[in-house]
Amino acid sequence: MSQKRYWVYTGHKKMPVKLCERKKVSLMNTVKAMIEKTSKLKEHVSRIQIRQGRVYLYHLHEPHIPEGAILTKPLIDGKYLEFPLARFTIYDNALTDCSFDWPDSSEKFMTLGEGSLEECIKQAEESEWITI
């Protein structure tokens with residue numbers, strides 16, 4: 001006799017907060033101000049993007065490209081590639097429940113820390129994972 005298998009609901013994963021346009025602008029200003037207070041992030045963050053309750057930080061890198069190489073990403077200004085540096089996932093509008101995520105080589109994110117947005121940015125600043 002075979003056993004029946006059942007799916008058991010064990011709760012759901014936290015979902016990022018939905019942000020209105022006004023909140024996105026406010027969040028962008030907040031993140032820019034926090035990054036300006038850091039040394040490593042201030043130097044290396046070239047672009048900030050907010051989408052789907054997450055804040056993405058990008059940096060530009062000037063790679064050595066071998067002759068005849070086929071690029072999967074377009075060059076910016078003819079010589080730079082843009083790569084994700086870090087991601088902050090926001091779970092509440094008060095910015096007190098967030099996570100600091102780092103992209104691995106395949107650009108899939110893994111969580112390295114949690115806390116308020118300010119704490120997560122501080123964790124990113126002090127992280128040994130962010131090397132440029």
Where do Y91 and C98 come nearest, in terms of heavy atoms and distance?
CD1-CA, 4.0 Å
Quick note, salt bridge (Lys or Arg N to Asp or Glu O under 4.0 Å) partners involving residues 95-104, not counting sequence neighbours, are K14-D97, R87-D101
For D92, side chain to side chain donor-acceptor pair (under 3.5 Å) partners two or more places apart:
T96
For a side chain to side chain contact (heavy atoms under 4.5 Å, CB included) check, start with the C-alpha distance between E114 and F100, then their side-chain angles and the critical distance, and finish with the verdict.
CA-CA 6 Å; E114 294 182 339; F100 159 49; over 6 Å; no
Test item: E125 side-chain N/O and K40 main-chain N/O as donor-acceptor pair under 3.5 Å
yes
For the OG1 atom of T38 and the CD atom of E126, what is their distance to the nearest 0.5 Å?
10.5 Å
Looking only at non-hydrogen atoms, find the nearest pair between S99 and T111 and report the distance.
CB-CG2, 4.0 Å
Distance from Q49 atom CD to K24 atom NZ, nearest 0.5 Å?
9.5 Å
Give a yes or no on whether L117 and V25 share a hydrophobic cluster (residues Ile, Leu, Val, Met, Phe, Trp, Tyr; joining criterion: side-chain heavy atoms under 4.5 Å apart).
no
What's the shortest heavy-atom distance between G113 and Q123, and which atoms?
CA-OE1, 3.1 Å
Whether T30 side chain and S26 backbone form a donor-acceptor pair below 3.5 Å
yes
Excluding sequence neighbours, so at least two apart, what forms side-chain contact (heavy atoms from CB on, under 4.5 Å) with V55?
L27, V31, I48, I50, L57, F88, I90
Apply side chain to side chain donor-acceptor pair (under 3.5 Å) to S116 and list each qualifying residue two or more places apart in sequence or on a separate chain.
none
What residues, two or more places apart in sequence or in another chain, satisfy side chain to side chain donor-acceptor pair (under 3.5 Å) together with S46?
none
Between the main-chain N or O of G53 and the side-chain N or O of K18, is there a donor-acceptor pair closer than 3.5 Å?
no
Once rounded to the nearest 0.5 Å, what's the spacing between atom CD1 of I121 and atom OG of S127?
13.5 Å
CG-CD distance between L41 and E36, expressed to the nearest 0.5 angstrom:
10.5 Å
Does F109 sit in a hydrophobic cluster with other residues, and if so which ones, taking ILVMFWY side chains as linked at heavy-atom separations under 4.5 Å, directly or through other members?
Y56, Y58
Nearest heavy-atom neighbours spanning R54 and T89:
NE-OG1, 3.3 Å
Could you check whether any side-chain heavy atom of K23 comes within less than 4.5 Å of a side-chain heavy atom of N93, counting everything from C-beta outward?
yes
